[in-house]
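Each chain gets a letter, A, B and so on, in the order its sequence line appears, and its residues count up from 1.
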Amino acid sequence: MDKSSPYSFFKLSHQQINRYFCCMSLVKNIQKSVIDTLTSIYSSSFSEKDFQVNQTKDEFEGDYTIVLFSLVKSLKSSPELIGKQLGENLITRYPDLFTNYNIIKGFLNLSIADEYWNTLLHQHHHDSCFGKHPINGKKVMVEYSSPNTNKPLHLGHLRNNFLGWSVAELLKANGYEVLKSCIVNDRGIHICKSMIAWQRFAHGATPATTNKKGDHFVGDYYVKFNDEYKKEVKELVEKGMNEAEAEKNAPIMLATQQMLNDWEAGKPEVIDLWKKMNGWVYEGFEVTYKTIGSDFDKTYYESDTYLLGKDIVQAGLDKGIFFRKEDGSVWIDLTADGLDEKLVLRKDGTSVYMTQDIGLAQQKYDQYKIDQSIYVIGDEQNYHMKVLKLIAQKLGLPYADDIYHLSYGMVELPTGKMKSREGTVVDADDLVAEMIATAKQHTEALGKVKDFTSEELDVLYKTIGLGAMKFYLLRVDPKKKMIFNPEESIDFHGFTGPFIQYTFARIKSILRKEALTENSKNESTLLPLEKEVLFTLEQFPSIISEAAKELNPSTLANYLFSLAKTFNSFYAEHSIGNAESEKKKQLRLQISVMTSIVLQSGMQIMGISVPERM
RNA sequence: GGUUCGGUAGCUCAGCUGGAUAGAGCAUCAGCCUUCUAAGCUGAGGGUCAUUGGUUCGAAUCCAAUCCGAAUCACCA
């Protein structure tokens with residue numbers, strides 16, 4: 001796997017840094033004031049690396065904590081003394097930021113002034129751009145989805161699609177121009193397999209005549225091929241052939257190989273069949289993509305790109321980076337880098353996967369002059385992507401360092417990997433349909449939306465069902481493999497999409513009844529739960545940039561859950577409509593509005609919409 | 001065998017650039033709807049953070065070794 005950090009493309013220009021300071025996060029503010037204060041007390045220079053700023057634990061008083069131990073050595077003083085001097089000075093120097101401090105062991109706990117929270121709320125409660133960062137002029141391509149045109153999408157594709165889409169949105173929110181791309185694997189021996197099977201067994205059937213979704217229709221013939229192939233191999237083995245020979249010489253396999261040759265030679269009837277069957281698959285994919293909300297700015301087809309990269313190989317040969325073996329095949333020796341020798345051109349001169357990928361990377365760069373190229377591909381291809389980047393670097397290609405493999409773990413079943421041969425693949429369309437049906441069932445049982453039209457209900461079921469599914473797949477760290485148990489349906493309670501959607505709908509319900517009339521700054525003394533919501537809201541911009549830096553939507557999912565949970569506690573404890581005073585009511589309405597905006601924009605980045613009512 | 005990734009509550013996962021008594025959700029148990037949506041809220045039980053050693057004021061987090069699991073090392077893509 002590519003271990004280099006995606007951080008490199010987060011370098012900010014001078015101007016952007018200035019803009020950034022205008023809306024500096026609270027933690028950054030605290031760091032800066034501590035640095036300035038330490039510098040003036042001890043007259044030497046400090047940086048944010050000299051101490052840690054943590055959230056204060058619940059059992060202590062305060063909001064943020066400075067860990068003092070790391071300062072003890074260099075200042076040759078006790079933590080208590082440093083804490084006292086620092087705390088005293090911070091309060092006198094920044095009365096708008098800090099109101100109180102206490103020291104327990106080596107921890108300086110600071111209380112943030114209500115003034116700070118009131119200002120935050122005043123400035124941002126209606127700010128639909130809160131959390132978004134200014135345009136930075138960088139262009140990123142995110143390649144994701146990459147389906148094969150011989151079978152329908154499955155659960156693994158869903159994780160890929162949601163991840164890719166969400167990462168693109170995260171980058172946009174951080175000021176990048178993003179191009180979403182998709183490479184369709186539309187040619188090759190596996191495609192010919194379904195073609196052969198259709199030719200032999202379909203008797204002219206089509207998706208239309210069988211009333212089947214095109215991708216599933218074609219996928220069935222892919223399965224049919226494998227059944228037939230197995231049967232033929234078994235027969236040959238029974239006739240005394242050894243297994244390896246039988247696998248090579250099964251008539252249906254020979255026919256398939258012949259078909260691939262014909263395809264490459266451009267034989268018209270093969271090309272026509274290929275176009276027809278791929279067309280069916282694309283029709284099916286389009287339905288699925290539309291439902292799950294995947295879209296692309298640029299689609300590449302392997303049938304167009306599979307010949308690319310040969311000129312780059314030739315250039316590499318000329319430079320002596322590649323070498324030719326006696327049989328004519330071309331290789332690169334990566335043993336010095338701890339890897340193996342890698343083939344880049346077959347002995348017959350045709351290109352391999354690696355060659356095509358280099359060619360495609362070049363094409364992307366030539367076409368769009370992108371600053372960063374992110375590949376959302378499963379971790380089974382870590383080695384391939386590592387080699388790809390290394391080869392590009394050795395060739396000195398300008399985009400080499402900007403290749404980043406966003407490697408994600410497989411989705412496994414409790415019984416292990418999904419295997420198409422054993423029929424344990426969770427089909428994407430089936431799962432989506434099931435989720436929507438479950439959403440319907442839950443909603444009907446609760447009986448809250450009886451006045452909805454049937455169109456509105458359909459939209460709502462889709463919103464909730466897809467919301468649950470997307471959240472479920474995005475809430476886990478992408479790098480890690482995850483386990484999906486199809487026996488237990490995806491939950492609608494707790495750490496889930498519907499929980500957050502529900503929180504949003506509740507807020508909207510209040511806002512339909514109670515008007516936010518006052519937009520002036522509220523000078524209230526804040527109750528603990530009011531402050532806790534504001535405390536969480538304040539972190540949203542930092543979370544957005546952190547999630548983008550790590551290319552990790554699960555950071556956002558965790559944040560949104562904790563925000564919703566905090567708001568729900570606040571909601572259960574304090575009445576908004578019947579607040580103690582008009583001032584409190586307006587304050588709480590502002591908090592509610594801001595929470596709803598943050599929930600909505602955060603969920604939007606995850607590709608999940610939030611309903612006004614549910 | 002080489003390389004890479006992972007092992008935290010019964011289950012699914014956070015926390016991992018070292019900081020206070022390791023957190024959520026689900027499941028289990030006990031409470032809360034005649035006032036804003038109970039898809040909610042409050043509380044309880046549940047842990048030798050795989051094991052062993054090291055680094056230090058302090059380790060789930062860093063280092064080393066071991067055990068277990070996974071991926072990969074194709075003239076497939």
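A salt bridge does not link Asp327(A) with Lys325(A): none of the charged nitrogens is closer than 4.0 Å to a carboxylate oxygen.
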Please report, to 0.1 Å, the donor-acceptor pairs under 3.5 Å made by any side chain of residues 185-193 of chain A, with sequence neighbours excluded.
| unit_1 | atom_1 | unit_2 | atom_2 | d |
| --- | --- | --- | --- | --- |
| Asn185(A) | ND2 | Asn148(A) | OD1 | 3.3 |
| Asp186(A) | OD1 | Glu302(A) | N | 3.3 |
| Asp186(A) | OD1 | Ser303(A) | N | 2.8 |
| Asp186(A) | OD1 | Ser303(A) | OG | 3.4 |
| Asp186(A) | OD2 | Ser303(A) | OG | 2.6 |
| Arg187(A) | NE | Glu302(A) | OE2 | 3.0 |
| Arg187(A) | NH1 | Glu264(A) | OE2 | 3.3 |

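The shortest side-chain heavy-atom distance between Lys480(A) and Tyr408(A) does not fall under the 4.5 Å cut-off. Counting heavy atoms from C-beta outward, Phe107(A) and Ile103(A) have side chains that stay 4.5 Å or more apart. Between Val344(A) and Trp331(A), every side-chain heavy-atom pair lies at or beyond the 4.5 Å cut-off.
Contacts of Thr443(A) with the nucleic acid, taken as non-hydrogen atoms under 4.0 Å apart, include base atoms. Within the 4.0 angstrom heavy-atom criterion, base atoms lie near Tyr502(A).
For Arg588(A), the side-chain hydrogen bond (donor to acceptor under 3.5 Å, both in side chains) criterion is met by Glu530(A), Glu580(A), not counting sequence neighbours.
As a whole-Å value, the separation of Lys565(A) NZ from A38(B) P is 18 Å. Rounded to a whole Å, the CD1 atom of Ile507(A) is 15 Å from the P atom of G40(B). Counting to the nearest Å, the P atom of U42(B) and the CG atom of Leu529(A) are 9 Å from each other. Rounded to whole angstrom, the span from the CG atom of Asp491(A) across to the P atom of C26(B) amounts to 7 Å. In this structure, CZ of Phe495(A) is placed 16 Å from P of A27(B), rounded to the nearest angstrom. To the nearest angstrom, P of U3(B) lies 21 Å from NE2 of His405(A). Put simply, CE on Met614(A) is 12 Å from P on A38(B), counting in whole angstrom units. In this structure, the CG atom of Asn485(A) is 16 Å from the C1' atom of G25(B), given to the nearest Å.
You'll find the ring centres of Tyr375(A) and Tyr404(A) outside the 6.0 Å limit. Between His384(A) and Tyr353(A), the distance from one ring center to the other falls under 6.0 angstrom. Aromatic ring centres of Trp263(A) and Tyr306(A): separated by under 6.0 Å. Proximity of the aromatic rings of Phe570(A) and Phe567(A) is defined here by a centroid distance below 6.0 angstrom, and this criterion is met. Aromatic pair His442(A)/Phe492(A): centroids less than 6.0 angstrom apart.
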Next item on the list: Could you check Asp477(A) against Ser554(A) for side chain to side chain donor-acceptor pair (under 3.5 Å), going step by step and ending with a plain yes or no?
Entry: CA-CA 6 Å; Asp477(A) 186 335; Ser554(A) 81; 5.3 Å; no
Notebook entry, point to check: What string of B, S and - do you get for nucleotides 14-21 of chain B 5' to 3' if you count protein non-hydrogen atoms under 4.0 Å?
Noted result: S-B--BB-
Margin query: Can you build the contact string for nucleotides 71-77 of chain B? Use B for base contact, S for sugar-phosphate-only contact, and - for no protein heavy atom under 4.0 Å.
Written below: SSS-BSB
Name the pairs: protein N/O against N/O of nucleotides 32-36 of chain B, kept only if under 3.5 Å.
| unit_1 | atom_1 | unit_2 | atom_2 | d |
| --- | --- | --- | --- | --- |
| U35(B) | O2 | Asn578(A) | ND2 | 3.2 |
| C36(B) | O3' | Lys513(A) | NZ | 3.1 |
| C36(B) | O2 | Ile576(A) | N | 3.2 |
| C36(B) | O2 | Gly577(A) | N | 2.9 |
| C36(B) | N3 | Ile576(A) | N | 3.0 |
| C36(B) | N4 | Tyr571(A) | O | 2.4 |
| C36(B) | N4 | His574(A) | O | 2.8 |

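Listed by first residue number, the stems of RNA chain B with at least three Watson-Crick or G-U pairs below 3.5 Å are B:1-7 with B:67-73, B:10-13 with B:23-26, B:28-32 with B:40-44, B:50-54 with B:62-66.
In this structure, Ser562(A) does not reach the A24(B) phosphate: none of its side-chain N or O atoms is under 4.0 Å from OP1 or OP2.
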